[in-house]
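Contents: one structure, followed by commentary.
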Amino acid sequence: MTEQKFINTNNQQWEKLPSFPGTEILPLSEPVPQGSIHKLHMSAGTVIPIHSHPCDEYVYVLEGAIETVGRECKAGTFWFTPANTKNGPHKAITDVEILTIRLGEMGKFENS
């Protein structure tokens, strides 16, 4: 790509994630093959089970509150998870919106 790309996230269509009821994703970019920069919305009470990614992942809480690894993270919190490190479960305390940057493929989720 030889020019900048701009996305107005206010008028984009969110996609439901059937594997995780109560979640919606708004893809923004694929920085590396199978990687993802996306916004994720989780309704209060939604849980994403323990999982790991074979790549580094960066998360920033934009709105609301989420519990991860037993720690409450509110808007303004940033966390980094190194490749192949178990993380989660992620539990939405309130409706929450996060920005995630994952530098590779998704990985595997444990049964919850």
Side-chain angles (χ1 to χ4, degrees):
M1 177 162 55
T2 58
E3 60 187 59
Q4 291 178 304
K5 180 179 179 182
F6 296 88
I7 299 170
N8 180 346
T9 62
N10 295 317
N11 61 14
Q12 298 298 303
Q13 186 68 35
W14 289 77
E15 301 170 15
K16 292 191 183 300
L17 291 175
S19 300
F20 306 112
T23 62
E24 296 179 307
I25 191 168
L26 182 61
L28 300 172
S29 183
E30 185 177 301
V32 297
Q34 298 184 20
S36 178
I37 299 175
H38 61 268
K39 289 172 69 174
L40 183 73
H41 176 267
M42 296 171 64
S43 297
T46 301
V47 176
I48 295 178
I50 294 172
H51 60 283
S52 63
H53 305 286
C55 60
D56 291 345
E57 181 179 63
Y58 305 84
V59 178
Y60 182 74
V61 182
L62 297 166
E63 296 179 10
I66 185 170
E67 180 184 310
T68 186
V69 198
R71 180 180 179 144
E72 182 176 339
C73 300
K74 296 181 179 180
T77 302
F78 172 84
W79 76 80
F80 163 69
T81 306
N84 303 309
T85 302
K86 284 189 178 184
N87 67 96
H90 305 313
K91 300 176 187 176
I93 298 168
T94 65
D95 283 1
V96 66
E97 191 171 295
I98 60 177
L99 177 69
T100 300
I101 301 170
R102 193 183 65 253
L103 299 177
E105 64 183 278
M106 178 63 80
K108 297 184 180 179
F109 291 81
E110 294 182 6
N111 295 331
S112 56

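- Applying the side chain to side chain donor-acceptor pair (under 3.5 Å) test to His38 and every residue at least two apart in sequence or in another chain returns Ser36.
- Residues satisfying the ring pair (Phe, Tyr, Trp, His ring centres under 6.0 Å) criterion with Phe80, sequence neighbours excluded, are Tyr58.
- Atom-to-atom distance recorded for Cys55:SG and Gln34:CD is 9.0 Å, nearest 0.5 angstrom.
- Atom-to-atom distance recorded for Thr81:OG1 and Asn87:CG is 4.5 Å, nearest 0.5 angstrom.
- At least one donor-acceptor pair under 3.5 Å links the side chain of Asp56 to the backbone N or O of Ala83.
- Side-chain contact between Asn84 and Pro54 is present, with heavy atoms from C-beta onward closer than 4.5 Å.
- Under the 4.5 Å side-chain heavy-atom criterion for ILVMFWY residues, a single connected hydrophobic cluster contains both Leu99 and Phe78.
- For the pair Gly35 and Pro31, the tightest heavy-atom approach, listed with the atom from each and the gap, is C-CD, 3.9 Å.
- Criterion: ILVMFWY side-chain heavy atoms under 4.5 Å apart, direct or through other members. Under it, Ile25 and Leu28 are not part of a common hydrophobic cluster.
- With contacts defined as side-chain heavy-atom distances shorter than 4.5 Å, the pair Leu26/Ile7 does not qualify.
- For the side-chain contact (heavy atoms from CB on, under 4.5 Å) with Pro89, the lone residue among Ile48, Val69, Ile50 that qualifies is Ile50.
- Legend: side chain to side chain donor-acceptor pair (under 3.5 Å) pairs involving residues 59-80, not counting sequence neighbours, sorted by first then second residue: Thr68-His90.
- Applying the side chain to side chain contact (heavy atoms under 4.5 Å, CB included) criterion to Asn10, with sequence neighbours excluded, gives Asn8.
- In summary, of the residues considered (Val59, Val61, Ile98), a side-chain contact (heavy atoms from CB on, under 4.5 Å) with Cys73 occurs for Val61 alone.
- Taking each heavy atom of Ala92 and Ser43 in turn, the nearest pair found is CB-O, 3.3 Å.
- Between Thr85 and Pro82 the shortest heavy-atom distance is OG1-O, 3.1 Å.
- Taken from NZ in Lys86 to NE2 in His51, the straight-line distance is 12.0 Å, to the nearest 0.5 Å.
- A heavy-atom distance below 4.5 Å is found between the side chains of Trp14 and Lys39.
- With a 4.5 Å cut-off on side-chain heavy atoms, Thr46 and Asp95 do not count as touching.
- Met42 is not connected to Ile93 by any chain of hydrophobic side-chain contacts under 4.5 Å among Ile, Leu, Val, Met, Phe, Trp and Tyr, and they are in different clusters.
- Scanning for side chain to side chain donor-acceptor pair (under 3.5 Å) contacts around Thr23 gives an empty result, with sequence neighbours left out.
- Under the salt bridge (Lys or Arg N to Asp or Glu O under 4.0 Å) criterion, Lys91 pairs with no residue, sequence neighbours left out.
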